[in-house]
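Just below is one structure, and these are the notes that go with it.
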Amino acid sequence: PPGVRTVVIDPGHGGDELGTQGAGGVLEKDLVLDVARRLRTVLDARLGIRVLLTRDDDRIVPHDERASIANNNKADLFISLHANSSPSKSAKGAEVFYLSLDGLGSEARRMLESPEARPVPVLGGGTRDIDLILWDMAQARHLSESSSFAMLVEEELRRRIEMGPNPIQQAPFRVLVAANMPAVLVEMGFLSNPEQETQLTSDDFKNKVVQALFDAVVRYRGRLEGQAVSRLP
């Protein structure tokens, strides 16, 4: 039945990939790992669901491996955490992204519109059709649900922290392309903004982000479970 049993949290960057760096020396890779660990603790303690991090230490994890971790563990949601940067020091506010097909070409669009089915042999003889999912296009099948989850995340973040002028956007982020489940990327704020850098490092701000993401997961799970109940005879 539909539901949320496994969530994969992806702290961006790591190792030699520092991500962006604030004027005060705050590194994106450290900030997002701290928030990811806090979110894992809250989801595990309050929902009792399985929560995995794509990295739980300071190391490089290739983009495709991050999605593979989620796919191999049959995750129901994928949340990638980042902090933003801009040449303008006045840029501020959180943003939520889900995948855009614009950078994926016609093949991804074709897969979205008409996924291929191939017959495979089954135990006891005969065949059955299964949908072929190419991992480098897997997210194309989940754009509608990714959009729905992104809207919930944006709503919950907006209740607690400042959002950017374009709070929900689509972009062809590589880390989202191969995720075979609803997936979003959250830019928590701009480290290039000195005021926001101070905010982002505070426990109060981090906990607000965690609470917003927790509530978005709860709302999304409730919607899925409600749909499942309505389909029962």
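This structure is a prediction, so every number in the text was calculated from the model and none was measured.
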Can you name the residues that form a salt bridge (Lys or Arg N to Asp or Glu O under 4.0 Å) with Asp56, not counting sequence neighbours?
Arg37, Arg40
Output yes when Glu195 and Lys92 qualify as a salt bridge under the 4.0 Å nitrogen-oxygen rule, no when they do not.
no
Taking all atoms of both residues into account, what is the closest heavy-atom pair of Thr54 and Pro11, and its distance?
OG1-CD, 3.3 Å
Could you list the residues that satisfy ring pair (Phe, Tyr, Trp, His ring centres under 6.0 Å) with Phe214, not counting sequence neighbours?
none
Looking only at side-chain N and O atoms, does Glu187 offer a donor or acceptor that is under 3.5 Å from a partner on His82?
no
Among side-chain atoms of Asn180 and Arg141, is any donor-acceptor pair under 3.5 angstrom?
no
If you measure only the distance, is there a donor-acceptor pair under 3.5 Å linking the side chains of Asp215 and Gln211?
yes
Test question: given the 4.5 Å side-chain rule for I, L, V, M, F, W and Y, name all other residues clustered with Leu18, or answer none.
Leu27
Hey, is Asp64 close enough to Arg174 for a salt bridge, meaning N to O under 4.0 Å?
yes
So, does Gln139 use its side chain to make a donor-acceptor pair with the main chain of Ala178 at under 3.5 Å?
no
What residues, two or more places apart in sequence or in another chain, satisfy ring pair (Phe, Tyr, Trp, His ring centres under 6.0 Å) together with Phe205?
none
Which residues share a salt bridge (Lys or Arg N to Asp or Glu O under 4.0 Å) with Glu156, sequence neighbours left out
Arg159, Arg160, Arg219
For Tyr98, all residues meeting ring pair (Phe, Tyr, Trp, His ring centres under 6.0 Å), sequence neighbours excluded:
none
For His142 and Ser144, does a side-chain donor sit closer than 3.5 Å to a side-chain acceptor?
no
Exercise: do Ser90 and Ser88 side chains pair donor with acceptor under 3.5 Å:
yes
Ser100 side chain to Pro172 main-chain N or O, any donor-acceptor pair under 3.5 Å?
no
Is there a donor-acceptor contact under 3.5 Å from the side chain of Ser146 to the main chain of Ala183?
yes
